[in-house]
Amino acid sequence: MAPKEKLLKNKDKVTQGELAELLEIIANRIRRGELTLGGGKDSVKMVLPERFQVEIAITDTAKKQPQRTLEIELKWLIDELGNPVNMPERPRGFFVS
């Protein structure tokens, strides 16, 4: 595997309801331990670990049209075959309400 290799990238515009449905589908797949993103030959299938490193960032950008970005990033260790490697338990660092 290359030092940094982008496996998939996609952008779309969705409604609140469509976004909620997408996040619910992702949440259900995480509970199952497997997630496939994309379709056909461009799809990426992943076996998921029990623990993730989660980073959440909210950023305001002052451009021609001001913009707010919410990023939720999930990271986990993998072996040379792409299988998940267990991460040590850490205390929780954020809350959602």
Side-chain angles (χ1 to χ4, degrees):
M1 188 178 306
K4 186 172 184 177
E5 178 182 358
K6 178 110 24 198
L7 301 177
L8 179 74
K9 185 172 183 174
N10 191 14
K11 290 184 180 183
D12 200 357
K13 293 181 180 181
V14 297
T15 65
Q16 277 185 356
E18 291 167 334
L19 176 59
E21 186 176 327
L22 174 63
L23 294 173
E24 288 168 354
I25 291 168
I26 291 171
N28 286 329
R29 298 306 187 274
I30 290 171
R31 286 183 192 98
R32 290 184 194 172
E34 286 189 3
L35 174 65
T36 301
L37 295 174
K41 66 180 181 83
D42 295 326
S43 66
V44 177
K45 182 176 182 178
M46 297 168 284
V47 175
L48 302 173
E50 288 292 318
R51 297 199 179 284
F52 298 85
Q53 177 180 331
V54 179
E55 295 179 25
I56 296 180
I58 301 170
T59 307
D60 282 349
T61 306
K63 294 184 175 181
K64 183 177 180 180
Q65 176 67 43
Q67 178 176 302
R68 178 166 289 161
T69 304
L70 166 63
E71 294 179 276
I72 301 173
E73 186 172 302
L74 308 176
K75 293 181 183 181
W76 63 94
L77 300 174
I78 57 172
D79 64 18
E80 60 280 345
L81 299 175
N83 298 312
V85 175
N86 289 329
M87 296 178 81
E89 186 172 346
R90 293 184 175 167
R92 294 182 67 156
F94 60 88
F95 299 92
V96 176
S97 63

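In the hydrophobic clustering of ILVMFWY residues, with side-chain heavy atoms under 4.5 Å counting as a link, I72 and L19 come out apart. Cluster annotation: V44 is connected to L74 through the hydrophobic network of ILVMFWY side chains, with a link wherever side-chain heavy atoms come within less than 4.5 Å.
Under the 4.5 Å side-chain criterion, counting only non-hydrogen atoms from C-beta, K45 is in contact with E34. Here the side chains of L70 and I56 are in contact, with some heavy-atom distance below 4.5 Å. The shortest distance between side-chain heavy atoms of N86 and R51 does not fall below 4.5 Å.
V47 approaches W76 most closely through the heavy-atom pair O-NE1, 4.2 Å. The two residues M46 and L37 come nearest to each other via the heavy atoms CE-CD1, 4.1 Å. Of all heavy-atom pairs between I78 and V85, the closest is C-CG2, 3.6 Å.
Separating the CD atom in Q53 from the NZ atom in K75 is a distance of 5.5 Å, to the nearest 0.5 Å. Separating the CD1 atom in I25 from the CD atom in E21 is a distance of 5.0 Å, to the nearest 0.5 Å. For the atom pair OG1 of T36 and CZ of R29, the computed distance is 8.5 Å after rounding to the nearest 0.5 Å.
Between Q65 and Q67, the side chains place no donor N or O within less than 3.5 Å of an acceptor N or O (distance only, hydrogens not considered).
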